[in-house]
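When a residue number appears, it is its place in the shown sequence, counting from 1.
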Amino acid sequence: MSAGIAKSRAVLQSYWLWLKEKSRHPELLRQRLDYQAYLLAAAGFIASLFLGLVDLSTYKSIETRQQEDVQATLSQVLPETLYDNKLLESVVSIPGSGPARPVQVYVARKNGQFSGAAFRYTATGGYSGVIGLMIGVSAKNEILGVRVINHAETPGLGDKIELQKSSWILSFNGRTLENTTRSQWGVRKDGGDFDQFAGATITPRAVVRGVHSGLEFFEKYKPMLDAEPAPPPQ
């Protein structure tokens, strides 16, 4: 081990003496290919170090903002009177259908009892790809709220699925698999209960199909959510 250290020290010392000698003639040093390579590597290292420090200093605040955004969306689909636990700390990851796997489910409890859940779900078949949803459902299998959290639908046509553009998304409130038959889960053009938009049937059709699938997902996994042990009191 000591022989290896001595050899390394000798190599570094030799290189340092060589570099010191060459530095007296910087114009010759700059013409060397290894000089350019070391210079580029040093610049890359400094840039990486700077980016790493920036990421480290902003990581916590970004995570906090993301958590606040999720909490704000949850409050739109799950009434605060429905739970007294911390939703962001009561997350269950379970397998689901569609491209979004696994599905993150925020479990609501009141006095330790399961009272509902909200979960991210993906509606496929949109005009411009998948549509991200947040769906809130009560323990009685009733939809409490649906919000579109991301999409790439055509502005002015397909974006009416957003609550900021129209109240159409509220038409899911109160729906269950019992009070709305399978044939009613569709847009009016297909014989269903839900309005389509003028010139944009594909988008609402995809959302209706996605919400229906999400409700089936909830009912399938509700026994597992109900059985999930409540976190200890803080």
Side-chain angles (χ1 to χ4, degrees), residues 62-126 129-152 161-163 169-182 184-186 194 205-234:
I62 291 175
E63 186 180 52
T64 300
R65 297 290 90 75
Q66 290 175 337
Q67 294 289 301
E68 289 175 351
D69 288 344
V70 173
Q71 182 62 63
T73 305
L74 289 173
S75 66
Q76 295 183 52
V77 299
L78 277 180
E80 294 183 0
T81 54
L82 195 68
Y83 59 91
D84 54 15
N85 62 323
K86 296 181 178 178
L87 292 180
L88 296 181
E89 298 177 7
S90 302
V91 183
V92 178
S93 182
I94 57 179
S97 60
R101 296 183 180 183
V103 177
Q104 303 295 314
V105 181
Y106 301 87
V107 180
R109 294 184 183 280
K110 186 81 171 185
N111 299 321
Q113 300 297 313
F114 176 73
S115 57
F119 50 96
R120 298 170 183 265
Y121 209 73
T122 301
T124 59
V130 298
I131 300 169
L133 306 171
M134 181 72 84
I135 304 175
V137 187
S138 74
K140 296 181 180 179
N141 304 332
E142 178 182 291
I143 291 179
L144 300 170
V146 179
R147 294 292 183 275
V148 174
I149 54 178
N150 63 275
H151 72 88
I161 53 179
E162 297 177 29
L163 184 59
I169 199 72
L170 301 179
S171 59
F172 293 104
N173 292 1
R175 297 279 183 171
T176 69
L177 294 180
E178 285 71 35
N179 66 20
T180 306
T181 65
R182 178 172 289 275
Q184 290 175 302
W185 283 97
F194 300 89
R205 182 184 286 148
V207 175
V208 171
R209 191 165 50 233
V211 174
H212 180 236
S213 175
L215 202 51
E216 290 181 324
F217 163 84
F218 174 79
E219 292 205 8
K220 178 180 179 180
Y221 290 98
K222 191 178 76 169
M224 188 175 84
L225 300 173
D226 196 359
E228 189 71 15
Q234 313 236 334

Here the pair of heavy atoms bringing Ala123 nearest to Ala206 is CB-O, 3.5 Å
Side-chain touch [X]/[Y], heavy atoms, less than 4.5 angstrom:
{"X": "Phe114", "Y": "Arg109", "answer": "yes"}
{"X": "Val208", "Y": "Val211", "answer": "no"}
{"X": "Lys222", "Y": "Asn141", "answer": "yes"}
{"X": "Ile169", "Y": "Glu162", "answer": "no"}
{"X": "Ile143", "Y": "Thr176", "answer": "no"}
{"X": "Tyr221", "Y": "Val105", "answer": "no"}
{"X": "Leu87", "Y": "Val107", "answer": "no"}
{"X": "Pro102", "Y": "Ile94", "answer": "no"}

Short question: side chain of [X], backbone of [Y] - any donor-acceptor pair under 3.5 Å?
{"X": "Asp84", "Y": "Asn111", "answer": "yes"}
{"X": "Ser115", "Y": "Leu82", "answer": "yes"}
{"X": "Lys110", "Y": "Gly116", "answer": "no"}

Looking only at the side chains, is there a donor atom on one of [X] and [Y] sitting less than 3.5 Å from an acceptor on the other?
{"X": "Ser90", "Y": "Tyr106", "value": "no"}
{"X": "Gln184", "Y": "Thr181", "value": "yes"}
{"X": "Gln104", "Y": "Ser93", "value": "yes"}

Name every donor-acceptor pair, under 3.5 Å, that has one atom in a side chain of residues 69-80 and the other anywhere in the protein, sequence neighbours excluded.
{"unit_1": "Thr73", "atom_1": "OG1", "unit_2": "Asp69", "atom_2": "O", "d": "3.0"}
{"unit_1": "Ser75", "atom_1": "OG", "unit_2": "Ala72", "atom_2": "O", "d": "2.6"}
{"unit_1": "Gln76", "atom_1": "OE1", "unit_2": "Arg147", "atom_2": "NE", "d": "2.8"}

Taking atom CD of Gln113 as the centre, report whether more than 12 heavy atoms of other residues, nucleotides or ligands fall under 6.0 Å from it. no
Using a 6.0 Å cut-off, check whether atom NZ of Lys220 has over 12 heavy atoms from anything other than its own residue.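 Incorrect, the count does not exceed 12.
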How long is the span from the [atom1] atom in [X] to the [atom2] atom in [Y], to the nearest 0.5 Å?
{"X": "Leu215", "Y": "Glu142", "atom1": "CG", "atom2": "CD", "answer": "10.0 Å"}
{"X": "Ile131", "Y": "Asn150", "atom1": "CD1", "atom2": "CG", "answer": "9.0 Å"}
{"X": "Tyr121", "Y": "Leu133", "atom1": "OH", "atom2": "CG", "answer": "9.5 Å"}
{"X": "Arg175", "Y": "Leu144", "atom1": "CZ", "atom2": "CG", "answer": "14.5 Å"}
{"X": "His212", "Y": "Arg182", "atom1": "NE2", "atom2": "CZ", "answer": "4.5 Å"}

Classify the ring geometry between Phe217 and Phe119 as parallel (under 30°), tilted (30 to 60°) or perpendicular (over 60°).
tilted
Ring-face cation contact, Phe194 with Arg205, 6.0 Å cut, 45° max:
no
